[in-house]
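Written below as structure tokens is the structure these notes are about.
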Amino acid sequence: MGGVGIIWFRHGLRIHDNPALMYLLDTVDVVYPVFIFDGEVAGTTLCGYNRWRFLYQSLQDLERQFVQQGGFFYTFQGKPTEIFAKIIKEWEVTHVAFEQDPEPVWQERDTSVKHLCEKMNVEWKEAVSHTLWNPYEVIDENGGKPPITFAGFQEIVQSMGQPERPTPTPDFRKVKLAVLPNSQKLYGLPAFEKIGPAIETELQKKNIWRGGELIGLELLEGRMEHEIKAFKEGTCLPNQYTPNLVDAPMSLSPYLRFGCVSVRLFYWRVTDAFNKFKNDKLLDKGINEASVSVQLIWREFFYTMSVNNINFSKMKDNPICLQIAWKEDPVMLKSWKMGQTGYPWIDACMRQLRHEGWMHQVGRHAVTCFLTRGDLWISWEDGLQVFYEWLLDADWSICAGNWMWISSSAFEKFLSCPNCFCPVRYGQRMDPSGKFVRRWVPEIARYPDCYLFEPWKAPREVQEKAKCIVGKDYPEVIVEHKSAAAYNNEKMKSISQFLQEQNVALRSYCAPSDEREIREFSWLPDDDDDLTDEEDLEECEQYHTVTVKVL
């Protein structure tokens with residue numbers, strides 16, 4: 001051992017299962033933990049109050065942990081290459097280690113730092129731990145191209161073997177955590193008010209989601225109790241088909257997105273629990289080890305699909321995305337964004353997103369379909385920007401992949417989807433008690449259940465009794481769903497026909513491998529015919545496409 005090392009945090013905001021950190025603990029004598037605010041790191045280019053606060057709290061948590069270990073957490077503002085050029089010289093750094101950020105938007109930054117290290121004779125180490133497998137190795141195994149179907153992706157990663165298990169708990173007694181004079185004044189975490197955006201709504205003060213590794217690990221323990229209980233009862237993914245929209249959050253996706261909780265830790269905790277508690281009920285339903293981790297594998301699939309495609313989050317020059325002539329309608333877009341569409345289910349979901357930074361996956365299905373091919377025919381890129389700004393777990397590649405999929409721009413089977421989510425009946429299925437809608441659309445809270453999801457149908461006397469007149473106290477619907485959905489479906493058919501007539505070769509166009517994938521990731525259970533009966537299809541209730549579950 002010998003030398004001085006920097007552990008450079010970007011994503012991967014944790015100490016547990018941090019192979020880059022473990023590399024330094026085994027290699028050098030002195031370690032400096034560093035984070036650089038460069039205006040883009042961790043998705044801060046377009047980032048609203050809730051996401052910024054979650055990131056900031058995650059950094060505070062790291063700062064507390066390193067101080068408790070007798071060290072310090074060094075933060076900087078500026079261009080990474082300029083910061084590193086300065087501190088490598090001042091601190092006599094010999095090694096720099098960091099977690100791989102595989103998405104193409106980070107490659108210019110990381111490549112520049114690697115070249116700088118080489119120029120200054122500094123060893124650098126990039127460790128894979130934000131994903132289960134190295135996306136570049138997956139592509140190599142597939143002949144240099146990403147697999148364009150999920151089934152193909154599964155075959156490749158299965159041939160590569162199981163993901164590595166988490167690294168051991170770091171032992172900081174092996175190194176000295178450097179504490180420089182005036183560290184707090186010179187390198188301390190700046191006040192949030194100096195670097196983050198202003199609060200946007202009063203409800204954001206509630207801070208439902210708190211960032212940080214320690215809170216994420218506590219949530220993981222509660223999540224595992226929930227998963228184990230489901231295994232014992234003979235089922236899995238308990239929040240998938242009967243989502244809990246109103247109780248305390250249980251999802252780990254924001255913590256996975258910022259790397260506060262290791263995806264490898266989550267994968268192996270769930271996998272090991274399944275193998276310990278599996279029973280005949282599970283096996284009779286065809287639930288196996290792959291079933292319980294399939295949502296994490298979809299996460300890997302989208303990461304791999306985005307590698308080497310800098311335009312993955314755009315329609316133009318994106319080789320896997322269909323070029324569809326969406327319309328521009330700033331008024332409609334604003335009504336959707338602010339939760340003022342006149343459809344209580346859609347508005348409740350969008351208001352929760354704005355105020356809490358969160359929305360359950362079933363809500364994401366509904367609002368994305370409504371904005372794009374379902375009702376408003378507005379580009380998925382416009383919706384993606386809103387999610388990037390407000391959604392806590394908005395990941396550059398996964399979020400873009402979901403929007404392309406639901407809008408039938410990619411991943412869906414070549415515009416073959418005839419149906420869409422009904423903004424009335426789908427909401428009734430997902431929120432049968434109406435508690436969620438009443439919480440987020442209090443204007444109509446006094447409406448009886450039979451009119452709650454379609455208040456425009458309520459007689460005048462019912463609206464007066466509920467103290468909410470549609471068109472005055474709550475907006476009228478901005479579009480009539482059934483006719484809009486039918487019209488948009490005809491558009492999709494004409495686009496499909498045109499492309500086929502032009503013999504458009506979509507060699508890189510992605511599609512589901514089979515019907516099972518479609519049902520699984522539309523959150524449609526195989527054994528529940530009630531979700532796909534003829535009446536529901538006529539009402540456009542179910543949108544047969546595939547999305548990535550939020551974990």
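The chain is numbered in sequence order, starting from 1.
- With sequence neighbours excluded, the residues satisfying side-chain contact (heavy atoms from CB on, under 4.5 Å) with Glu137 are Asn134, Met160.
- A donor atom on one side chain and an acceptor atom on the other are not found under 3.5 Å apart for Glu103 and Ser306.
- The aromatic rings of Trp358 and Trp209 sit tilted, their planes meeting at an angle between 30° and 60°.
- In this structure, Glu218 does not pair ionically with Arg210, as no charged nitrogen and carboxylate oxygen lie closer than 4.0 Å.
- Checked against salt bridge (Lys or Arg N to Asp or Glu O under 4.0 Å), Glu221 has the following partners two or more places apart in sequence or in another chain: Arg269.
- Here the two rings, on Tyr49 and Tyr56, have centers that are 6.0 Å apart or farther.
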Report, one line per pair, each donor and acceptor closer than 3.5 Å where one atom sits in a side chain of residues 113-120; sequence neighbours left out.
{"from": "Lys114", "atom 1": "NZ", "to": "Glu126", "atom 2": "OE1", "distance (Å)": "3.3"}
{"from": "Lys114", "atom 1": "NZ", "to": "Glu126", "atom 2": "OE2", "distance (Å)": "3.4"}
{"from": "Glu118", "atom 1": "OE2", "to": "Trp124", "atom 2": "NE1", "distance (Å)": "3.0"}

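- For Asp61, the side-chain hydrogen bond (donor to acceptor under 3.5 Å, both in side chains) partners two or more places apart in sequence, or in a different chain, are Gln65.
- Note on residues 313-324: no pairs pass salt bridge (Lys or Arg N to Asp or Glu O under 4.0 Å), not counting sequence neighbours.
- Listed by chain and residue number, Thr271, Lys278, Glu289 satisfy the side-chain contact (heavy atoms from CB on, under 4.5 Å) test with Asn275 (two or more places apart in sequence, or in another chain).
- In summary, the side chains of Gln352 and Glu356 do present a donor paired with an acceptor at a separation below 3.5 Å, with no hydrogens or angles considered.
- Partners of Leu219 under the side-chain contact (heavy atoms from CB on, under 4.5 Å) rule, at least two apart in sequence or in another chain, are Leu252, Tyr255.
- Taking the six-membered ring where the residue is Trp, Phe153 and Phe150 present parallel rings, their angle staying beneath 30° rather than reaching 60°.
- The salt bridge (Lys or Arg N to Asp or Glu O under 4.0 Å) analysis of residues 9-20, with sequence neighbours excluded, yields the pairs Arg10-Asp101, Arg10-Asp110, Arg14-Glu99, Asp17-Arg264.
- Every residue meeting the side-chain hydrogen bond (donor to acceptor under 3.5 Å, both in side chains) condition with Ser313, not counting sequence neighbours, appears here in chain and number order: Trp396.
- Relative orientation of the Phe258 and His11 rings is tilted, given thresholds of 30° and 60° on the angle between their planes.
- Under the salt bridge (Lys or Arg N to Asp or Glu O under 4.0 Å) criterion, Asp140 pairs with no residue at all, not counting sequence neighbours.
- Taking the six-membered ring where tryptophan is involved, the planes of Phe421 and Tyr426 are tilted, since the angle between them lies from 30° to 60°.
- A side-chain N or O of Asn309 and one of Asn318 form a donor-acceptor pair less than 3.5 Å apart.
- Under the side-chain hydrogen bond (donor to acceptor under 3.5 Å, both in side chains) criterion, Glu300 pairs with no residue, sequence neighbours left out.
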Please test Cys399 against Leu384 for side-chain contact (heavy atoms from CB on, under 4.5 Å), starting from the C-alpha separation and ending with a verdict.
-> CA-CA 7 Å; Cys399 202; Leu384 176 61; 3.8 Å; yes

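- Under the rule for a side-chain hydrogen bond (donor to acceptor under 3.5 Å, both in side chains), the partners of Trp390 that lie at least two apart in sequence or sit in another chain are Glu200.
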